[in-house]
> 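Before I ask anything, here is the structure I am working with.
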Amino acid sequence: MTTYVEKLYDGYGQSYDIEEVLFEQQTDSWHLIIFRNKMFGTVMALDGIIQTTERDEFVYHEMLTHVPLFAHGKAKRVLIIGGGDGGILREVCKHPEVEHVTQVEIDQAVIDMCKEYLPNHSAGAFDDPRANIVIADGIEYVSNTDEKFDVIISDCTDPVGPGEVLFSSKFYENCKRCLNDGGIFVAQNGVAFMQIDEVVTTRRRLGPYFTDQTFYGAPVPTYIGGLMTLAWGGDDEAQRQVPVEELRERFEASGIKTRYYNPEVHYGSFALPQYVLDALKDA
Ligand code: SAM
């Protein structure tokens with residue numbers, strides 16, 4: 001039995017027994033592999049970093065989508081950067097108030113392979129009439145578009161290779177430019193216990209564009225090292241502090257069924273560990 005080893009950290013990593021390789025390719029952007037594992041089902045990795053697995057993807061996709069959308073409460077236009085597996089698009093399309101979703105993904109091959117080998121991630125969302133899929137570099141799109149959005153979700157790879165630009169000040173400045181008044185920006189921001197520098201860097205780069213810049217968290221088992229930190233950018237603290245009772249009303253009115261997200265988890269997810277707060281003090 002061959003194993004897939006993720007060595008994201010010096011001297012520490014995780015390994016998956018590969019029961020079967022479903023797809024492997026060197027694309028324009030990177031090395032893409034999709035394989036089956038007994039514990040996590042179908043797993044996708046890009047350039048040696050686990051991107052998503054069948055078994056635990058719901059935690060990440062629900063939290064990166066429903067927290068900003070239920071906090072906003074009346075988002076009509078959503079922009080997704082990255083997210084080639086379709087999990088974010090699936091969750092966004094569950095919101096009846098959303099009228100239009102643009103998804104900007106740099107690599108068509110990721111979409112094609114995930115449709116075929118991880119079909120439950122997108123679950124048909126790529127065919128939703130509200131969805132507009134653009135194959136482009138996310139930073140080019142936000143720098144050049146005249147479109148405006150209520151929520152922007154950056155579901156990109158780690159800040160290495162093609163994903164690096166999506167953690168730059170230029171990207172954040174242009175995302176802010178593309179937001180309507182009252183708009184919210186969220187992004188995957190690494191595992192704070194292992195990548196605390198990414199959190200501090202994001203505070204320094206994203207903070208200047210939003211008066212309410214903070215983070216929230218969700219434990220995604222295959223993003224090893226503890227709490228997956230999600231970056232938040234807004235200009236109205238009240239959006240981040242919507243009372244649980246109000247969140248409950250919005251959640252129940254939506255009719256959306258979830259497996260991780262609920263209003264109490266939403267509200268509590270903004271409570272950050274002391275070591276994260278301490279690191280942000282120096283940012
Ligand atoms: N959930 C994963 C995580 O947290 O690491 C990310 C999953 S998703 C597969 C990451 C997506 O970002 C990939 O589909 C990749 O093609 C896309 N991506 C990376 N850099 C990009 C860029 N500059 N513009 C648009 N999409 C990009």
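The structure displayed is predicted, hence computed values, not measured ones. Order of appearance sets the numbers: ligands from 1, and atoms from 1 within every ligand.
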> Decide, yes or no, whether a salt bridge links R240 with E237 under the criterion of side-chain N to carboxylate O below 4.0 Å.
yes
> Between Y261 and F70, does the ring centre distance come in under 6.0 Å?
yes
> How about T229 and N189: does a side-chain donor come under 3.5 Å of a side-chain acceptor?
no
> Can you spot which of Y209, F185, F210, F167 makes a ring pair (Phe, Tyr, Trp, His ring centres under 6.0 Å) with Y172?
F185
> If a pair satisfies side chain to side chain donor-acceptor pair (under 3.5 Å) and one of its residues is in residues 39-53, list it, with sequence neighbours excluded.
R36-T42, T42-E54, T52-H121, T53-D56
> In this structure, which one of H72, H61, H95 forms a ring pair (Phe, Tyr, Trp, His ring centres under 6.0 Å) with H66?
H95
> What are the polar N/O contacts of ligand 1 with the protein below 3.5 Å, with distances?
{"from": "ligand 1", "atom 1": "1 (N)", "to": "Q51", "atom 2": "O", "distance (Å)": "3.3"}
{"from": "ligand 1", "atom 1": "1 (N)", "to": "D155", "atom 2": "OD1", "distance (Å)": "3.2"}
{"from": "ligand 1", "atom 1": "1 (N)", "to": "Y223", "atom 2": "OH", "distance (Å)": "2.8"}
{"from": "ligand 1", "atom 1": "4 (O)", "to": "Y60", "atom 2": "OH", "distance (Å)": "3.3"}
{"from": "ligand 1", "atom 1": "14 (O)", "to": "G84", "atom 2": "N", "distance (Å)": "3.3"}
{"from": "ligand 1", "atom 1": "14 (O)", "to": "E105", "atom 2": "OE1", "distance (Å)": "2.7"}
{"from": "ligand 1", "atom 1": "14 (O)", "to": "E105", "atom 2": "OE2", "distance (Å)": "3.4"}
{"from": "ligand 1", "atom 1": "16 (O)", "to": "E105", "atom 2": "OE1", "distance (Å)": "3.4"}
{"from": "ligand 1", "atom 1": "16 (O)", "to": "E105", "atom 2": "OE2", "distance (Å)": "2.4"}
{"from": "ligand 1", "atom 1": "20 (N)", "to": "P162", "atom 2": "O", "distance (Å)": "3.4"}
{"from": "ligand 1", "atom 1": "23 (N)", "to": "D137", "atom 2": "OD1", "distance (Å)": "3.0"}
{"from": "ligand 1", "atom 1": "23 (N)", "to": "P162", "atom 2": "O", "distance (Å)": "2.9"}
{"from": "ligand 1", "atom 1": "24 (N)", "to": "G138", "atom 2": "N", "distance (Å)": "2.9"}
{"from": "ligand 1", "atom 1": "26 (N)", "to": "I106", "atom 2": "N", "distance (Å)": "3.3"}

